[in-house]
Chemist: 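The structure under discussion is supplied below as structure tokens; questions concerning it will follow.
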Amino acid sequence: MLKTTVLNAAHRALHARMVDFGGWEMPVNYGSQIGEHHAVRRDVGVFDVSHMCAVDATGADVKAFLRRLIANDVDKLKTPGKALYSAMLNESGGVMDDLIVYRLDDTDYRIVINAGTTDKDLAWMSARLKDWRLTAALTPLKGEREAGMIAVQGPNARKKVWAALPEIQNATQNLPPFFGARIPVSAYGELFIATTGYTGEDGFEITLSAAQTEKLWNALLAAGVAPCGLGARDTLRLEAGMNLYGQDMDERVSPLDAGLAWCVDLASDRDFVGKSALLAQGQRHVFLGLKLLEKGVLRARQKVRALQGEGEITSGTFSPTLEVAIALARLPLGVVAGDRAEVEIRGKWLPAEVVKPPFVRNGKAVGAK
Amino acid sequence: MIIPNELKYTRTHEWVRAEANGALYVGITDHAQELLGDLVFVELPEVGRTLAAEEASVVLESVKAAADAYAPVAGVVTAVNEAVVAAPECVNQDAYAAWLFQLEPANAADVDKLLDAAAYKAAIDAQ
């Protein structure tokens, strides 16, 4: 039995094509995936991301707990509301999940974790809390405290959200990128508004009570925001050079081999789960982008051949913005952007260019030659 | 989902239109294009290639998946629709106008064994 979000009936009313996504029945598109992709790059689109789990982490020791739990350092979060992307590792340095932490204050953090990893993550976090004898409460916004989460993304996202929610404009118009803020009162009850996203565009991620979610969804649609499915979400995040958990990295993959060294803090003397394993292993692969130089489509698990040896595509698709096939790939050490490689597609080796992601940011091709 | 009455179908979601001169036009059904989503790449067989019945002969790639289309009956490829290679989205726009290739059947009677519209609809409903 698939789990459903509070917007399931709304998706069906829009004739969405529904798929099983990590045990959740989610919309993959509402007609044209490419149309939805362009709506986000050029105007504004809205995604149901209620399958993801927000967890409130509160209490006296919560900062110490998070500093030991995840690979990036929450001590970097000096300003209230500031958010941090991080991997959460196991003892052997493999990625258990990737997540975003918002620091509201030193005893009040919000963490957003992936849908498919929610149960495992919560069990892991609770066990570490107990092991380390720290005082903190972890409260997932599921069940009794069920929340809905919708992501409004695109160059016109702010304008359209303010049209539907004029009362939040003052509180959010100066919110810098990668911040979150609690809005205690609105026409849709208490809101959590964040300037994080998974598309490479400006926008808001809005968390609110499950009971209010469909009303806000409908108000956004009425304001001209295009409903967008997980299909477009995948092509958008790939163009933006963002990893997908379970595809680009998992428990067997070091964050250093998944392009996540930038958010792993190995320099300071802070200890965290997986740090000693990462220091012992070092980096064993580079993680870079590919652009196919001939017609075709790059896909996950295709083999890549470079001068230094073989590698593998972890995510691949056809980029609607660039109109070429693009991919993220794990490649041998020594491969650098600008190199040529070959990708095996149906028994043929086709030429590709190695590039540094992202491919697209804020509607524009990045590093176009 | 559109299933024109005048065409023949396969369980693998190809449609077949028999011309008076015996030539067969082959494409994928509206249901197939809907399952695949936006097409971005099509690779057609070479003209002159001899295909066995149910042989994979066309590669279709959408943003989300790759799929093959199969020869509905045995025969020789006599023409391919280059317009589909240049603009794969035309298959999404009208799957029955966007034919993929023409086939000269090895045995014209093979076409009669394909599904009619009602049987194809029943086959989809059973899936």
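All chains are named by letter (A, B, ...) in the order of the sequence lines, taking the proteins before the strands, and each is independently numbered beginning at 1.
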Chemist: So with a 6.0 Å cut-off around CD of B/Glu54, is the heavy-atom count from everything else above 12?
Modeler: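 Count not over threshold, so no.
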Chemist: Would you say A/Lys295 and B/Val85 make side-chain contact, with heavy atoms under 4.5 Å?
Modeler: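 Of all side-chain heavy-atom pairs linking B/Val85 with A/Lys295, at least one is under 4.5 Å.
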Chemist: Does CD belonging to B/Glu104 count more than 12 external heavy atoms closer than 6.0 Å?
Modeler: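 Not more than 12 within 6.0 Å, no.
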Chemist: What part of B/Glu43 gets closer than 4.5 Å to chain A, counting heavy atoms only: side chain, backbone, both or neither?
Modeler: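 Side chain only.
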Chemist: If you take all heavy atoms of A/Ile34 and B/Asp38, which pair is closest and at what distance?
Modeler: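 What the structure gives for the nearest pair is N-OD2, 2.6 Å.
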Chemist: What are the two closest heavy atoms between B/Phe41 and A/Val297, and how far apart are they?
Modeler: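 Closest heavy-atom pair between B/Phe41 and A/Val297: CB-CG2, 4.0 Å.
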Chemist: Would you please name every residue forming a ring-ring contact (aromatic ring centres under 6.0 Å, His included) with A/Tyr198, sequence neighbours left out?
Modeler: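 ring-ring contact (aromatic ring centres under 6.0 Å, His included) check on A/Tyr198 returns nothing, list empty.
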Chemist: Residues of residues 23-31 of chain A under 4.5 Å from chain B (heavy atom pairs)?
Modeler: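 If one takes a 4.5 Å heavy-atom cut-off, the residues of residues 23-31 of chain A near chain B are A/Val28, A/Asn29.
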Chemist: Answer yes or no: is there a side-chain heavy-atom contact under 4.5 Å between B/Leu35 and A/Arg17?
Modeler: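 Touching, per the 4.5 Å side-chain cut-off.
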Chemist: How about B/Glu46: does its CD atom have over 12 heavy atoms from other parts shown lying under 6.0 Å from it?
Modeler: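 No, the 6.0 Å shell around CD holds no more than 12 heavy atoms from other groups.
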Chemist: Which residues in residues 148-156 of chain A have any heavy atom closer than 4.5 Å to a heavy atom of chain B?
Modeler: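 Listed by number: none.
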Chemist: Any chance CZ of A/Arg252 has more than 12 other-residue heavy atoms, nucleotides or ligands included, within less than 6.0 Å?
Modeler: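 At most 12 heavy atoms, drawn from other residues, nucleotides or ligands, come within 6.0 Å of this atom.
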Chemist: Are there over 12 heavy-atom neighbours, none belonging to B/Arg11, within less than 6.0 Å of that residue's CZ?
Modeler: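 Count not over threshold, so no.
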Chemist: Taking side-chain hydrogen bond (donor to acceptor under 3.5 Å, both in side chains) as the definition, give me every residue that meets it alongside A/Arg340, ordered by chain and number, with sequence neighbours left out.
Modeler: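 By the side-chain hydrogen bond (donor to acceptor under 3.5 Å, both in side chains) rule, A/Arg340 matches no residue at all.
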